[in-house]
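Scroll down for the structure; my scribbles are underneath it.
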Amino acid sequence: MQIIAFVTALFFAHLAHADQVTAALDKNVVSENEIVQLTIRTDFTNTGNGPDLSALKRDFEILSRSQNSQFSFNLGTNQALNFWVVTLMPKAVGNFQIPPIKVGEKASDPLYLEVKPAQQMTDRNGNPLVMLKFHASTLEPYVQQQVLLTLELYTAVPLQNPSMSNPNHPNLLTERLIDDQMRYEDIDGTSYQVITREYVAFPQRSGTIELNNQSIEAIVNTRNGTRKINIKSLPITLNALPIPASYGNSNWLPTDAVAVRSMVSNTVSNPRIGDTLIWEIDITAQGVLGEQLPTLNFASTRAYKLYPTSPTYETNKSINGVSGHEAMRIEIVPTQAGPLELPIVEVTYWDPISRSIKTARANAQVIDIAPLPNGAVDSNNTQQQSTETTHTPNNGSTEIPPQSTSVAPISLAKPKAKSAPIPEGTEEPTDLNVVLTPNNESGSSWKVILATLMLGFGVAGIGAWLWMRRKANSRTNPKGEVPTLEEFAPLTSGNEDAAYQQLLHSCRDNDLSTLRLRLLEWARHRWGDNAIRGVDDIKRLSNSPHLTQLLMEAELVMYSSSASSQWHGDALADALEEYVTGQPKPSQASQLKTLYPNF
């Protein structure tokens with residue numbers, strides 16, 4: 001009888017440990033956005049690929065999954081226990097059934113979960129722990145006018161794995177501005193950390209633009225456990241206005257600030273007719289892209305000829321939005337002596353604040369143009385030019401078609417000629433052929449003789465003047481060649497590295513007076529004398545937009561009245577180091593550690 005009882009006990013013990021799957025929840029009632037954990041247990045070894053969780057994906061987000069195994073020995077039998085812990089997030093509010101979870105050939109019993117609407121998480125002062133604010137700089141922008149969109153995240157607790165949405169709309173061109181800004185702010189006794197993210201947007205069509213409420217998802221730790229939050233902001237509605245009918249300008253430019261600069265620089269100390277001058281035009285506008293700025297065209301006149309180059313555009317970003325910059329460079333060749341007056345540079349734009357048309361203007365300084373050497377001008381041409389000037393206003397402003405491309409107006413190398421050079425503006429003398437006709441009137445014969453003698457003396461004088469000029473030219477420059485750059489300005493530094501260190505020293509010391517010489521010295525070592533004639537060649541050969549911009553800024557300050565106190569060369573020195581070494585220097589923003597690297 002004892003043997004039978006022992007066998008019976010073993011049989012029932014085997015039934016008690018039959019293969020089965022057990023599932024359990026850590027809580028049966030949760031709030032919206034609250035995490036729940038599902039534990040699955042098996043007591044057999046053949047679990048295949050583990051539990052099949054595909055049935056949960058309809059009503060839950062599977063956030064994580066972990067596994068643990070245990071083995072036990074009892075009365076000569078082996079038992080394997082496997083545990084899976086699955087972290088779930090309900091997708092909606094309501095009553096849900098967790099269907100049977102199948103592991104291998106076995107399945108668990110179904111479970112039930114109630115999800116209640118979540119209450120806003122608040123601190124002891126009754127203030128929300130997380131807030132998201134969304135606002136725009138203007139709600140009624142014009143088409144293509146800049147709109148600043150700002151997202152402000154207020155947090156009183158640490159956030160884990162935050163993910164914030166980005167504002168977008170098909171009729172809105174949106175771009176993020178600078179890096180996120182952080183500050184601290186106290187509101188009703190609660191200390192918040194505020195993360196600000198700025199966007200710039202340009203409406204592309206007039207009409208209503210609905211920007212949905214922005215949201216942030218994150219995980220926070222509370223007294224009641226870990227929760228996933230989803231905070232939403234209020235939506236924004238923009239009413240984009242069309243281009244006003246009163247704006248007759250073909251180039252639409254909505255901005256409230258435009259600055260125009262027009263300046264002429266001399267390539268020689270005392271410019272004459274035929275010399276080359278440089279006309280520089282800079283246009284800067286707030287709240288617009290560089291490509292939105294207008295392209296200006298100027299026509300040549302009888303007083304000068306213009307040879308423009310292609311303008312350059314750039315866009316700068318700041319916390320206040322974007323600003324566009326356009327730079328134009330035009331070569332001028334004067335064709336008349338006297339005051340050189342260039343056209344007024346005008347940029348018409350629409351002021352969205354005052355809702356009116358405005359114009360920004362700039363005048364270039366007047367340059368006195370000297371006549372050609374020796375003042376050799378044909379009297380008939382002088383009389384004709386005087387007549388044209390009398391009937392033409394503004395110093396001979398009759399326009400001729402503008403030149404489409406930039407050419408070299410005048411070459412510094414003079415051609416070698418076998419005969420003596422003839423002064424510009426003077427016709428080449430020809431052989432005089434005097435024919436005397438007999439006249440019966442004896443009283444006029446002495447007049448013919450006198451005229452013949454005067455012509456002879458004139459020819460002899462012209463020949464003597466040409467001989468003396470040829471002799472003077474041969475003494476000055478026997479070969480008629482222009483000195484090379486090496487002969488005119490020999491290098492003072494031994495190698496490129498020495499010239500480079502001298503250049504950095506000038507930049508660090510803000511020494512603008514020696515900057516140009518040190519730049520050309522270093523560039524001639526680097527690219528050779530044949531490739532460098534000025535700072536413009538450095539901009540072209542370096543092919544660095546950032547370095548070119550800093551060189552242009554330095555050149556602008558060179559011509560100002562307070563150059564020594566306005567220019568700081570640290571930025572240019574950093575740009576030169578980046579270009580020479582090929583290693584970018586870390587900015588101040590990149591050296592700061594962000595609080596949320598995944599944000």
Side-chain angles (χ1 to χ4, degrees), residues 26-37 60-61 63-64 87-94 113-139 147-168 174 176-201 210-238 319-320 589 592-599:
D26 63 339
K27 43 194 155 186
N28 296 323
V29 179
V30 295
S31 299
E32 183 183 8
N33 297 326
E34 187 177 354
I35 293 174
V36 62
Q37 288 187 342
F60 299 90
E61 293 183 17
L63 303 180
S64 65
T87 304
L88 302 175
M89 170 69 70
K91 293 182 177 180
V93 176
L113 178 68
E114 181 181 0
V115 180
K116 295 182 178 181
Q119 296 181 352
Q120 188 176 22
M121 297 172 54
T122 58
D123 60 4
R124 66 183 65 181
N125 298 322
N127 298 322
L129 297 179
V130 181
M131 295 185 297
L132 185 62
K133 298 181 179 181
F134 183 35
H135 52 86
S137 58
T138 177
L139 297 180
V147 180
L148 296 180
L149 301 177
T150 305
L151 277 173
E152 291 183 318
L153 174 63
Y154 291 75
T155 61
V157 292
L159 302 182
Q160 302 178 20
N161 301 325
S163 176
M164 190 160 62
S165 60
N166 297 318
N168 60 80
T174 308
R176 186 171 173 182
L177 282 176
I178 60 177
D179 295 338
D180 295 341
Q181 304 295 309
M182 184 180 68
R183 72 178 191 274
Y184 292 92
E185 185 176 341
D186 289 335
I187 301 178
D188 297 334
T190 301
S191 178
Y192 289 96
Q193 182 187 70
V194 185
I195 305 294
T196 303
R197 179 173 294 181
E198 297 281 355
Y199 296 86
V200 60
E210 297 284 350
L211 288 175
N212 297 330
N213 46 13
Q214 303 302 300
S215 63
I216 180 170
E217 294 184 353
I219 296 176
V220 298
N221 294 323
T222 65
R223 294 187 299 268
N224 298 326
T226 303
R227 288 186 56 182
K228 181 179 180 180
I229 61 172
N230 188 344
I231 307 299
K232 298 182 182 296
S233 69
L234 295 176
I236 290 179
T237 300
L238 300 179
I319 193 172
N320 297 320
L592 299 177
K593 295 183 179 179
T594 57
L595 183 62
Y596 304 125
N598 298 325
F599 180 58

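What you see is a predicted model; the values in this text were computed from it and never measured.
- If you take CG on N320 and CG on L148, they are separated by 7.5 Å, rounding to the nearest 0.5 Å.
- Inter-residue side-chain proximity for I219 and I229 is flagged as unmet; no heavy-atom pair is nearer than 4.5 Å.
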- Determine, step by step, whether T190 and D123 satisfy the side-chain hydrogen bond (donor to acceptor under 3.5 Å, both in side chains) criterion, reporting the C-alpha distance in whole Å, the side-chain angles of both residues, the deciding distance to 0.1 Å, and the verdict. CA-CA 8 Å; T190 301; D123 60 4; 2.5 Å; yes
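- The two residues I178 and R176 come nearest to each other via the heavy atoms O-NE, 4.2 Å.
- Summarising the local packing, CZ of R183 is surrounded by more than 12 heavy atoms from other residues, nucleotides or ligands at distances under 6.0 Å.
- Proximity of N166 to R197: side-chain heavy atoms (C-beta onward) are separated by under 4.5 Å at one or more points.
- Using a 4.5 Å cut-off on side-chain heavy atoms (C-beta onward), I236 and L139 make contact.
- A side-chain donor-acceptor contact under 3.5 Å links S165 and Q214.
- To the nearest 0.5 Å, the span separating CG on L177 from CG on L149 amounts to 9.5 Å.
- Atoms CG and CD, on L63 and Q37 in that order, are 10.0 Å from each other to the nearest 0.5 Å.
- At a threshold of 4.5 Å between non-hydrogen side-chain atoms, the residues S233 and K133 do not count as touching.
- In this structure the side chain of I216 reaches within 4.5 angstrom of the side chain of L159, judged on heavy atoms.
- Closest approach of P162 to A218, counting heavy atoms only: CA-CB, 3.9 Å.
- The cationic group of K91 does not satisfy the cation-pi geometry with F60, failing either the under 6.0 Å distance to the six-membered ring centre or the 45° limit from the ring axis.
- Minimum heavy-atom separation, P90 to V30: CG-CG2, 4.2 Å.
- Shown are L151, T150, L234; of these, the side-chain contact (heavy atoms from CB on, under 4.5 Å) with H135 is made only by T150.
- Of the residues V220, V157, T155, the one that meets the side-chain contact (heavy atoms from CB on, under 4.5 Å) test with L129 is V157.
- Side chain of S215 to main chain of K232: no donor-acceptor pair is present (N/O by atom type, distance under 3.5 Å, no hydrogens or angles).
- With no hydrogens or angles considered, no side-chain donor-acceptor pair links N127 and T122 at under 3.5 Å.
- Without hydrogens or angle criteria, N28 side chain to L113 main chain gives no donor-acceptor distance under 3.5 Å.
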- Is there a side chain to side chain contact (heavy atoms under 4.5 Å, CB included) between V29 and V115 once you walk through the steps? CA-CA 6 Å; V29 179; V115 180; over 6 Å; no
- Should K27 and E34 be marked as a salt bridge (charged side-chain N to carboxylate O under 4.0 Å, His left out) after you check the CA-CA gap, both sets of side-chain angles, and the distance that decides it? CA-CA 11 Å; K27 43 194 155 186; E34 187 177 354; 2.9 Å; yes
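- With a 4.5 Å cut-off on side-chain heavy atoms, T196 and D180 do not count as touching.
- Nearest heavy atoms, F134 versus P167: CZ-CB, 3.9 Å.
- Every residue two or more places apart in sequence or in another chain that forms a salt bridge (charged side-chain N to carboxylate O under 4.0 Å, His left out) with E217 is listed here: K228.
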- Task: Step by step, work out the side chain to side chain contact (heavy atoms under 4.5 Å, CB included) result for I187 and Y192.
- Result: CA-CA 7 Å; I187 301 178; Y192 289 96; 3.9 Å; yes
- Item | Test log, rule side chain to side chain contact (heavy atoms under 4.5 Å, CB included), inputs T138 and L238 | CA-CA 8 Å; T138 177; L238 300 179; over 6 Å; no
- Message: For a side chain to side chain contact (heavy atoms under 4.5 Å, CB included) check, start with the C-alpha distance between Q193 and M182, then their side-chain angles and the critical distance, and finish with the verdict.
- Response: CA-CA 7 Å; Q193 182 187 70; M182 184 180 68; 3.4 Å; yes
